[in-house]
Amino acid sequence: MITSAQIRAARAMLEWSRADLAKHSGVGFSSMMRIESAIGVPGAHAKTLEAIENAFEKAGIEFIGSPDDGPGVRLRKSK
């Protein structure tokens with residue numbers, strides 16, 4: 001499970017706007033605003049968070065840690 005802070009950090013690393021993330025993930029812009037404003041793990045449907053996570057992973061983001069232990073993001077190394 002990813003946290004709101006990880007979503008904001010991943011977006012910043014990619015220099016994506018909320019609109020960019022909405023486009024890449026298929027999640028609505030207003031839903032994106034609500035998800036990013038949450039503290040910790042957002043109270044969104046699992047499929048919604050999975051769509052966001054998949055969009056970031058396709059763009060090269062790797063989620064590290066867990067919500068309770070050092071959650072973070074980093075860019076994957078190019079192969």
Side-chain angles (χ1 to χ4, degrees):
M1 205 50 74
I2 58 175
T3 67
S4 294
Q6 285 175 299
I7 293 169
R8 292 188 303 271
R11 219 171 35 79
M13 288 184 85
L14 295 172
E15 298 181 358
W16 281 3
S17 66
R18 283 185 179 132
D20 292 331
L21 180 53
K23 181 180 78 174
H24 288 285
S25 67
V27 175
F29 183 82
S30 59
S31 295
M32 197 65 63
M33 289 181 63
R34 189 172 51 254
I35 288 167
E36 283 195 352
S37 68
I39 296 172
V41 176
H45 292 279
K47 286 189 178 209
T48 301
L49 294 177
E50 186 177 301
I52 293 168
E53 189 171 354
N54 288 339
F56 281 135
E57 288 175 345
K58 284 181 185 175
I61 294 291
E62 183 178 346
F63 293 92
I64 57 175
S66 70
D68 299 324
D69 184 27
V73 295
R74 64 181 171 206
L75 287 172
R76 272 193 315 262
K77 290 183 179 179
S78 300
K79 292 183 181 182

Review point. Stepwise, does the side-chain contact (heavy atoms from CB on, under 4.5 Å) test hold for Ile64 with Val73?
Key: CA-CA 6 Å; Ile64 57 175; Val73 295; 5.9 Å; no
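Under the side chain to side chain donor-acceptor pair (under 3.5 Å) criterion, Ser31 pairs with Arg34, not counting sequence neighbours. A search for side chain to side chain contact (heavy atoms under 4.5 Å, CB included) contacts involving Thr3 returns Ala5, Gln6, Val41, Pro67, Pro71, not counting sequence neighbours. Residues meeting the salt bridge (charged side-chain N to carboxylate O under 4.0 Å, His left out) test with Glu36, sequence neighbours left out: Arg11, Arg18.
A salt bridge (Lys or Arg N to Asp or Glu O under 4.0 Å) check over residues 19-31, counting only residues at least two apart or in different chains, returns nothing. Among residue pairs with one or both ends in residues 45-63, those qualifying as side-chain hydrogen bond (donor to acceptor under 3.5 Å, both in side chains) are Glu62-Arg74; sequence neighbours excluded. A ring pair (Phe, Tyr, Trp, His ring centres under 6.0 Å) check over residues 20-41, counting only residues at least two apart or in different chains, returns the pairs Trp16-His24.
Residues Leu49 and Ile35 form a side-chain contact, since some pair of their non-hydrogen atoms from C-beta on lies under 4.5 Å apart. A heavy-atom distance below 4.5 Å is not found between the side chains of Val27 and Leu21.
A donor-acceptor pair under 3.5 Å is absent between the side-chain atoms of Ser25 and the main chain of Ala55, judged by distance alone.
Nearest heavy atoms, Pro42 versus Ile2: CD-O, 3.4 Å.
In the hydrophobic clustering of this structure, Ile7 does not group with Met33; members are Ile, Leu, Val, Met, Phe, Trp, Tyr whose side-chain heavy atoms approach within less than 4.5 Å, directly or through other members.
More than 12 heavy atoms of other residues, nucleotides or ligands lie within 6.0 Å of CE in Met13, so this atom counts as buried by the packing criterion.
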